[in-house]
Amino acid sequence: MKVLITGAAGKIGRIVSASLASKGHDVLGIDRRPWNDMPEGCRIIQTDIRKRAAEDVFRTERPDAVIHMATVAQLKMRNEERSRINLGGTRAIFDYCHRYGVGQAIFVGRHTYYGAAADSPLYHTEDEPPMALDTFPELADLVAADLYAGSALWRFPEIHTCVLRICYTLGPQAQGTLAAYLAGSRVPMVLGFDPLFQFMHEADVARAIELTIEKRLRGVYNVSGPPPLPLSIVIQEAGRSPVPVPEPVLRAVIGRFGMPNLAPGARNHIKYPIVIDSNAFRKATGFEHAYDEYETLRQFRTASPAT
């Protein structure tokens, strides 16, 4: 099978690319970033997914399946640029899939789609709408991209479209939203709050994506690994010190004194849990995580000692 992966040079993209290539698939990557040590069986085209060169890859290579991971969650990036990448890029990819006869398309999204709010249910199922965007507008473009990808289920019925909403990832590569939050030796919490945090090993995430290809899943699925842990335990097991701070004071210390720089809307995400129910995905694929929560944190701690 010829598989095209957007965002192939990213942490998960590299794992998925190498694994698929080792199983005999012809793997193509599209990424603005270089990947100089690609494994045998992989090729990369260094371009922007919104450029003509990306469409030319679809036109000339005619992939059988596409895994779209070229979205960004960097809140320091200007909203206009984030929207062009996340929503504009996703729209372009699905248009190319339709135009050039791609049989299967996977959109790799995030469980933060559901939002963190005081009145949210503890376990989110796939049929729930996005919530709390009014308190975290920076998520709007990622939510829009998720919804646009999901609309391909009825707009392009000939494509086996699957939207994966994956919980936080962590592991030895020490990259991503949760890793950035845990980067320093002192990690802020909101005084009086200790929400459950759900995360899974980056290798398990890659395996879940591979299973989606193998099983030709169609629909929207939550993807998670081991049970969630209280945030304070996550911080301690990562070798850091939790620092409970009154919420009014938190605004003044964020980004200072070694604290991570959180967007205003992200404060709800360290107050309230976002825990997803992934039973449907496990039933459809037989997926079982290989790394438990403590081993995942141990590998992260070893690879990324507190600074």
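Only this structure's heavy atoms are used, side chains among them; waters, hydrogens and symmetry mates stay out.
- Arg301 contributes a side-chain N or O that, together with a main-chain N or O of Glu237, makes up a donor-acceptor pair within less than 3.5 Å.
- Note on ring orientation: taking the six-membered ring where Trp is involved, the planes of Tyr114 and His124 are parallel (angle under 30°, cut-offs 30° and 60°).
- Under 3.5 Å, the side chains of His111 and Gln198 contain no donor-acceptor pair of N or O atoms.
- With rounding to the nearest 0.5 Å, the separation of CD1 in Ile67 from OG1 in Thr212 is 8.5 Å.
- A donor-acceptor pair under 3.5 Å links the side-chain atoms of Asp31 to the main chain of Ala9, judged by distance alone.
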Review point. Under the side chain to side chain contact (heavy atoms under 4.5 Å, CB included) criterion, do Tyr181 and Ile270 qualify, and how do the steps go?
Key: CA-CA 10 Å; Tyr181 173 61; Ile270 59 173; 3.6 Å; yes
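- Ion pairing of Arg207 with Glu214 is present here, as a side-chain N (NZ or NE/NH1/NH2) and a carboxylate O approach within less than 4.0 Å.
- Taking CD1 of Ile213 as the reference point, atom NE2 of His25 lies at 8.0 Å (rounded to 0.5 Å).
- Put simply, the side chain of Glu126 gets close to the backbone of Asn222: a donor and an acceptor are under 3.5 Å apart.
- Of the possible polar contacts, none joining the Gln175 side chain to the Gly10 backbone as a donor-acceptor pair under 3.5 Å is found.
- In this structure, the separation between CZ on Arg155 and CG on Asp95 is 6.5 Å, given to the nearest 0.5 Å.
- At a threshold of 4.5 Å between side-chain heavy atoms, the hydrophobic network of Ile, Leu, Val, Met, Phe, Trp and Tyr places Val205 and Leu170 in two separate groups.
- No path of Ile, Leu, Val, Met, Phe, Trp and Tyr side chains, each step under 4.5 Å between heavy atoms, connects Ile93 with Val3, placing them in separate hydrophobic clusters.
- Remark: Glu40 CD is loosely packed, at most 12 non-hydrogen atoms of other residues, nucleotides or ligands lying under 6.0 Å away.
- Salt-bridge formation is detected for the pair Arg59/Asp56: a Lys NZ or Arg NE/NH1/NH2 atom is positioned less than 4.0 Å from an Asp or Glu carboxylate oxygen.
- Hydrophobic clustering of Ile, Leu, Val, Met, Phe, Trp and Tyr side chains at less than 4.5 Å, counting indirect connections, keeps Leu178 apart from Met200.
- Thr285 places a side-chain N or O within donor-acceptor distance of the main-chain N or O of Phe281, the cut-off being under 3.5 Å.
- Under the 4.5 Å side-chain criterion, counting only non-hydrogen atoms from C-beta, Ile12 is in contact with Ile209.
- With Ser19 contributing its side chain and Val16 its backbone, the two residues share no donor-acceptor pair below 3.5 Å.
- The two residues Ala70 and Thr6 have their closest heavy-atom pair at N-OG1, 3.3 Å.
- For the atom pair CD1 (Ile106) and NE2 (His160), the distance works out to 11.0 Å, reported to the nearest 0.5 Å.
- Put simply, the side chain of Arg50 never gets that close to the backbone of Asp48: no donor and acceptor are under 3.5 Å apart.
- Going from atom SG of Cys97 over to atom CD of Gln104 covers 10.5 Å, rounded to the nearest 0.5 Å.
- When every heavy atom of Ala206 is checked against every heavy atom of Ile15, the shortest pair comes out as CB-CG2, 3.4 Å.
- Residue Ile166 is grouped with residue Phe287 when hydrophobic side chains (ILVMFWY) are merged at heavy-atom distances under 4.5 angstrom, including chains of intermediate members.
- Contact between Val187 and Ile235 at its shortest, heavy atoms only, is CG1-CD1, 3.6 Å.
- Residues satisfying the side-chain hydrogen bond (donor to acceptor under 3.5 Å, both in side chains) test with Asn279, not counting sequence neighbours, are Asp277.
- Looking at Met189 and Leu231, their side chains come closer than 4.5 Å, going by heavy atoms from C-beta outward.
- A heavy-atom distance below 4.5 Å is found between the side chains of Leu122 and Pro273.
- Of all heavy-atom pairs spanning Cys42 and Ser17, the tightest one is SG-O, 3.6 Å.
- A single hydrophobic cluster is seen to contain both Val243 and Ile233, as judged by linkage of ILVMFWY side chains at heavy-atom distances under 4.5 Å, directly or through other members.
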Check your understanding: Can you list the steps and then say if Leu250 with Lys271 is a side chain to side chain contact (heavy atoms under 4.5 Å, CB included)?
Key -> CA-CA 12 Å; Leu250 186 65; Lys271 287 175 62 179; over 6 Å; no
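- At a cut-off of 3.5 Å, with distance as the only test, no side-chain donor of Thr177 or Arg110 sits close to an acceptor on the other residue.
- With a 4.5 Å cut-off on side-chain heavy atoms, Val190 and Pro244 do not count as touching.
- Under the ring-ring contact (aromatic ring centres under 6.0 Å, His included) criterion, Tyr148 pairs with no residue, sequence neighbours left out.
- When all heavy atoms are compared, the tightest approach of Gly225 to Cys167 is N-SG, 4.4 Å.
- A salt bridge links Arg43 and Glu61; the closest N-O separation between the charged side-chain nitrogens and carboxylate oxygens is under 4.0 Å.
- Looking at Arg14 and Asp37, a side-chain N of the basic residue comes within less than 4.0 Å of a carboxylate O on the acidic one, giving a salt bridge.
- To the nearest 0.5 Å, atoms OH (Tyr294) and CD (Gln299) are separated by 16.0 Å.
- Residues in residues 209-250 take part in no ring-ring contact (aromatic ring centres under 6.0 Å, His included) pair, two or more places apart or across chains.
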Practice item. Could you give me the CA-CA distance, side-chain angles and deciding distance for Phe58 and Leu4, then say whether side chain to side chain contact (heavy atoms under 4.5 Å, CB included) is met? Key: CA-CA 9 Å; Phe58 281 79; Leu4 189 152; 4.1 Å; yes
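- For Thr71 against His68, the heavy-atom pair with the smallest separation is CG2-NE2, 4.1 Å.
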Practice item. Apply side chain to side chain contact (heavy atoms under 4.5 Å, CB included) to the pair Leu153 and Val163, showing each step before the final yes or no. Key: CA-CA 9 Å; Leu153 287 163; Val163 175; 5.6 Å; no
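- Residues Asp146 and Phe107 form a side-chain contact, since some pair of their non-hydrogen atoms from C-beta on lies under 4.5 Å apart.
- A 4.5 Å side-chain heavy-atom check between Leu297 and Phe199 finds at least one atom pair inside the cut-off.
- A side-chain N or O of Tyr100 and one of Glu55 form a donor-acceptor pair less than 3.5 Å apart.
- Formation of a donor-acceptor pair under 3.5 Å by the Asp194 side chain with backbone atoms of Ser232 is found in this model.
- Proximity of Glu295 to His201: side-chain heavy atoms (C-beta onward) are nowhere separated by under 4.5 Å.
- Other residues, nucleotides and ligands place no more than 12 heavy atoms under 6.0 Å from the NZ atom of Lys51.
- Separation of the Phe197 and Tyr168 ring centroids falls under the 6.0 Å cut-off.
- Counting heavy atoms from C-beta on, the side chains of Tyr272 and Pro195 never come closer than 4.5 Å.
- Proximity of a side-chain donor or acceptor of Asn86 to a complementary backbone N or O of Val72 within less than 3.5 Å is detected.
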